[in-house]
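Presented below is the structure to which this report refers.
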Amino acid sequence: MVNEQNELIKRRFEELEEIKKLGVNPYPHRYDVTHKAADLIKNFTDPKDEAETEARKSVIVAIAGRISAIRRMGKATFCHIKDDTDRIQLYIKKDEVGETPYAILKMLDIGDIIGVKGFVFRTKTGEISVHCVSFELLTKSMFPLPVVKEEITETGEKIVHDAFADVELRYRQRYIDLIVNEGVKETFLNRTKIIKSIRSTLEKYGFLEVETPTLQSIYGGANARPFVTHHNALDIPLYLRISNELFLKRLIVGGFSRVFEFVKDFRNEGIDRTHNPEFTQVEWYQAYGDYNDSMKLFEEAVEQACIAVHGGTKINYQGTELDLKAPWKRIRMIDAIKEKTGLDVLSMKKDEIILYMKQNGIEFDTKLSHSKGLVIANLFEETCEEDLIQPAFVLDHPIDTTPLCKPLREYSLSQLEEMRKDPEQVIFVERFEPYINKWEVGNAYTELNDPILQRRLFEDQVERGRGGEEETHPMDDDFIRAIEVGMPPTTGVGMGVDRIVMLLTNSVNIRDVLLFPLMKPQEK
RNA sequence: GGGGAUGUAGCUCAGGGGUAGAGCAACUGCCUUUUAAGCAGUGGGUCGGAGGUUCGAUUCCUCCCAUCCUCACCA
C-alpha cells in the first residue's frame, strides 16, 4: 500500500518528476535484451593479452534487470542487477555515459529496472561484470524494497544480512519475497519441474490430460466439507470441487482408457503446516488395471520427479534421510498393526479393540465406534503412522473408510453377502495410501464398478451422515448411472502434489510451496 | 477451538513506568575498479488496536487483531 506520507516514497515521487523533467520516460515500452546474467557469467573467459582485452570492448551485450545493490563512488558507480537467471555487477563511468545519463543514474534506487549495453570484463577484485557504455531506465520503482545484503566470506561461505524474514509479509507480498530472498524462486522452479516430470511419466504410459469441472452441483470423490457458492442465473447452489474423481471415472465409462488431470481441490477445513484450503492433486485413472498397477506408477512418478530435481533418489528432508527409490515397501494395514502392537485385530471383537485402545491411552474417536472397520483404521492411524518415514504403501483398508473402492478379490460373492450381515466381520478393499515422512501423499483404489454395491455404499454414507458424522459422501445418482452403463475394471490414484513438492524442496510449510497461500484479509 | 511465543523506523533487531535506540536503507557532501565499499553530517516512529491502572504507559493489567509454534479438528 502506497502511503504518500512516507518519506521514502515521497522522495521517489520527487525523483520521478525530476527524471520526467529531463525528458526521460520512466516507463518505456520495450527493450531488446540480448543476454542473461547467468550466461554472461558462465561463458566468460579471461582474455589472453592486451589485444584481446581491447577487442572485447567492441563485443556489446544488452542485459536488463532490477537493481539489487548500488555503490556510488563519485564519478563511477557499481551496481548489481538481477534478471531471472542470476545477478551481475555493472560498472558505469560518468565520462563514458555522459552528463545527463549520469544525473539520472544518481536518482536510481534499489528496485528500479534498467537495461544496459556494454562489454563483459573482470574487475580488479575478480568479479565478472558489465562495463556499461549506455543504460536506460525501464521501470521506476516507487516502493522501497527491503535491503538484503550478501557477504561472501574468505572461506566462500555466503552470509545473508537482514533477510526479509517476516513470514506474514513474505506470503502476502510474494512478489517482494521472490525479488529479495535467496532460494524462494528456486523452490518454485522446482515445483514446476516436479509437475512437469509427473506429467511426462503419465504421458509416457499413454495417459491423456483432460479437464473436468471445478464448479459442481454435487460434490464427491472424497470425504470433506466443501465450499458452497451460488449461481445467480440458475439460482442453484454450487460447490467447489473437493475432488475430480467421479468425473474422471465418467470419462473411463465414456471410453477413454487412461486419463489424468492436475487440479485444485477445495476443502473447507483447518489450515496448518500441511493443509491449505485449496491444494493441488493429480489424479489418474487406468482402465483394465488394478491397484498394483497404480502402486508401480505412483512410485515411478515420485522417483522420477525426485531425480528431475535432485539427480538421484536420496533426499534429506529436515534432517531425515529419505530414499525414494522404487520399489517401495508394501504392507497391509492389519499387518502393520500386528507388527507394531502384536494384535491380530481380525480375531478380536470390536469392543476388545476399543478396550485395548482405552487401556493403552490411544486416542480414540468415539464418533467412529459404531464400526469395527473404522475402529481398526483409527487404531492404525494412532499407532502405525508415526513409523512410516521411508516411502511405503499401506494396503487393504476397511470398506467403511471409503465408498468408492472394490473389495479384495479373495472374497466370493456369497462370502461378501454373509460378511455384510455380521458387524464383527470386516470387509477389506483394494485401497492403498502411500506414506512418506509420516504424511499421506496420496490415495488409490482398485475402483468399485459394481453399481449395486456402489449405490448401497453411498446409501450407507448418507445414513452415517444422518447419524452425525460430518464428512460423509453424498448420493450421486448420475454417477451411479454411469457405473450402471458399465465402467471397465479400473484403478485410480490421487497424489498430493503440494506434499510431494514440500518433500522434494525441503520445505517446512505448505505455504512455502504455494506462490500465494491463503491469508486472512488485512484490515483497512 | 485450547496452550505457548511474537508484534518497536522501509528491512533486521535492541530497549524498557518519565513520550525511544543500533545496523542497513533514505537524504547532503567527498570519492573513476567497489562489493555487507568507505568517510563526515542530516532526517525519519500516535512502540499492532481499544480500554484500564497511574501524576504520567511504548513499558503494567484486560480485551481485541494478526502471525508463528503446538495440540485438537480435518482420515
Side-chain angles (χ1 to χ4, degrees), chain A residues 1-3 5-12 14-15 68-80 87-97 102 106-107 109-111 121-127 129 131 141-153 158-173 176 180-181 222-225 242 267-277 279 333 363 365 367-368 373-374 376-378 380-382 385 394 397-398 400-402 431 433 439-440 443 469-472 508-509 511 517 519-524:
Chain A
M1 210 183 306
V2 176
N3 174 6
Q5 301 307 307
N6 183 291
E7 183 204 359
L8 299 175
I9 290 170
K10 215 158 94 186
R11 174 67 204 165
R12 293 205 177 192
E14 287 164 11
E15 276 171 352
S68 63
I70 193 157
R71 293 177 293 282
R72 303 171 206 275
M73 312 186 55
K75 296 186 182 65
T77 295
F78 286 92
C79 65
H80 274 97
R87 58 175 223 156
I88 191 165
Q89 182 171 254
L90 307 178
Y91 179 50
I92 305 170
K93 285 205 280 189
K94 185 179 181 181
D95 56 12
E96 288 178 348
V97 296
Y102 205 78
K106 278 191 171 168
M107 286 184 275
D109 296 293
I110 288 171
F121 77 115
R122 191 189 286 279
T123 64
K124 261 187 197 167
T125 49
E127 181 162 350
S129 309
H131 189 129
S141 169
M142 305 309 289
F143 191 91
L145 292 176
V147 180
V148 178
K149 295 200 172 189
E150 287 171 18
E151 179 184 7
I152 313 285
T153 62
K158 190 186 273 183
I159 301 172
V160 177
H161 295 274
D162 298 334
F164 179 50
D166 185 310
V167 283
E168 182 184 357
L169 286 179
R170 285 186 47 219
Y171 296 144
R172 286 190 194 280
Q173 299 169 13
I176 293 177
V180 303
N181 280 342
N223 293 349
R225 268 185 282 179
I242 59 172
R267 297 187 184 173
N268 208 338
E269 290 161 358
I271 299 173
D272 66 28
R273 206 170 55 221
T274 55
H275 295 83
N276 193 66
F279 64 101
M333 183 182 278
E363 197 89 30
D365 187 347
K367 285 201 295 282
L368 306 179
L374 292 178
I376 291 171
N378 195 170
F380 165 80
E381 277 162 31
E382 295 301 331
E385 268 189 10
V394 174
H397 298 225
D400 321 66
T401 61
T402 170
R431 173 185 192 178
E433 286 186 317
W439 297 343
E440 292 169 45
N443 184 25
E469 265 185 74
E470 281 189 358
E471 296 181 355
T472 53
V508 182
N509 196 306
R511 289 172 159 181
M519 304 290 285
K520 271 200 189 177
Q522 281 172 304
E523 299 290 313
K524 283 180 228 172

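Chain identifiers are assigned alphabetically (A, B, ...) following the order of the sequence lines, protein sequences preceding nucleic acid strands; residue numbering begins at 1 within each chain. Side-chain atoms are counted along with the backbone in the values below, which use heavy atoms only and exclude waters and symmetry mates.
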Salt bridge A:R172-A:E168, side-chain N to carboxylate O under 4.0 Å: yes

For A:N443 against A:R431, the heavy-atom pair lying closest together: OD1-NE, 2.9 Å

P spacing across the pair B:A36 / B:C68, given as an integer number of angstrom: 34 Å

Might you point out which heavy atoms bring A:G74 and A:Y102 nearest each other, and give the distance in Å? O-OH, 3.0 Å

Which nucleotide sits closest to the side chain of A:R172: B:U33, B:U32, B:U67? B:U67

Can we say A:E15 and A:R11 salt-bridge, meaning some charged N sits less than 4.0 Å from an Asp/Glu carboxylate O? yes

Quick one: A:R87 CZ to B:U34 P, roughly how many Å, whole number? 16 Å

RNA chain B in dot-bracket, Watson-Crick or G-U pairs under 3.5 Å, [ ] crossing, | other strand? (((((((..((((....[..)))).(((((.......))))).....(((((..]....))))))))))))....

Whole Å only: how far is the CH2 atom of A:W439 from the C1' atom of B:C74? 16 Å

Looking only at the side chain of A:R11 (C-beta and beyond, no hydrogens), which of the listed nucleotides B:A75, B:U28, B:U67 gets closest? B:U28

Salt-bridged, A:E96 to A:K94, with N to O below 4.0 Å? no

Using a strict cut-off of less than 4.0 Å between a Lys/Arg side-chain nitrogen and an Asp/Glu carboxylate oxygen, indicate whether A:D95 and A:K75 qualify as a salt bridge. no

Mind checking A:N378 for me? I need base, sugar-phosphate or nothing, with any heavy atom below 4.0 Å counting as a touch. nothing

A:T123 backbone acceptor or donor facing A:T125 side chain under 3.5 Å: no

Is there a donor and acceptor pair closer than 3.5 Å between the side chain of A:R267 and the base of B:A75? no

Name the nucleic acid region contacted by A:Y91, choosing base, sugar-phosphate or nothing; use a 4.0 angstrom heavy-atom cut-off, strictly under. base

Could you give the distance separating B:U12 and B:U32 at their C1' atoms, to the nearest angstrom? 33 Å

Taking B:G18 as the reference, what is the distance to B:U35 when you measure between their C1' atoms (whole Å, please)? 45 Å

A:G111 versus A:L145, closest heavy-atom pair with distance: CA-CD1, 3.7 Å

A:H275 NE2 to B:U70 P: how many Å, rounded? 14 Å

Touch class at under 4.0 angstrom, heavy-atom based, for A:A165 against every strand present: sugar-phosphate

Among the nucleotides B:A75, B:C27, B:U35, whichever has the atom closest to the side chain of A:H80 is B:U35

Please report the closest heavy-atom contact between A:S129 and A:I88, naming both atoms and the distance. CA-CG1, 4.5 Å

Could you tell me whether A:R71 atom CZ has more than 12 heavy atoms of other residues or ligands within 6.0 Å of it? yes

With the side chain of A:E381 defined as its heavy atoms from C-beta on, choose the nearest nucleotide among B:A75, B:C27, B:C11. B:A75

Give the rounded distance in Å between these two atoms: CD of A:E151 and P of B:U34. 17 Å

Name the nucleic acid region contacted by A:D95, choosing base, sugar-phosphate or nothing; use a 4.0 angstrom heavy-atom cut-off, strictly under. base

Quantified in whole Å, what is the P atom distance between nucleotide B:U59 and nucleotide B:G48? 8 Å

Has A:R72 got a side-chain atom pairing as donor or acceptor with A:T77's backbone, closer than 3.5 angstrom? no

Below 3.5 Å between N/O atoms, which protein atoms pair up with nucleotides 4-7 of chain B? Just atom names and distances, please.
none

May I ask you to decide if A:F279's main-chain N or O and A:N276's side chain share a donor-acceptor pair within less than 3.5 Å? no

B:U33 P sits how many Å from A:R122 CZ, rounded? 19 Å

Among the nucleotides B:C27, B:U34, B:A66, which one has an atom lying closest to any side-chain atom of A:F78? B:U34

Which residue lies more 5' along RNA chain B, comparing A:Q89 with A:I110 via nearest heavy atoms: A:I110

Which whole number of Å gives the distance between the C1' atom of B:G56 and that of B:G16? 15 Å

Interatomic distance, A:E96 CD vs B:U32 C1' [rounded to whole Å]: 9 Å

Let me have a per-nucleotide readout for nucleotides 37-50 of chain B, 5' to 3', with B, S or -, counting only protein heavy atoms under 4.0 Å. B-----BS------

Using atom C1' of each nucleotide, how far apart are B:G45 and B:A22 to the nearest Å? 14 Å

Residue A:T123, side-chain atoms from C-beta onward, closest of B:C69, B:C11, B:U35: B:U35

Pick the C1' atom in B:U33 and in B:G29, then give their distance to the nearest Å. 22 Å

Please state the C1' separation for the pair B:U8 and B:G49 - nearest whole angstrom. 15 Å

Using atom types as modelled and distance alone, determine if a side-chain donor or acceptor of A:Y91 lies under 3.5 Å from a backbone N or O of A:A76. no

Sub-3.5 Å donor-acceptor pair from the side chain of A:R12 to the main-chain atoms of A:S141, do we have one? yes

From CG of A:D109 over to P of B:A25, roughly how many Å is that when rounded to an integer? 12 Å

For A:F121, which contact category applies under a 4.0 Å heavy-atom criterion: base, sugar-phosphate, or nothing? base

Give the rounded distance in Å between these two atoms: NZ of A:K75 and C1' of B:U32. 8 Å

Of all the nucleotides listed (B:U34, B:C24, B:U12), which has the minimum atom distance to the side chain of A:V147? B:C24

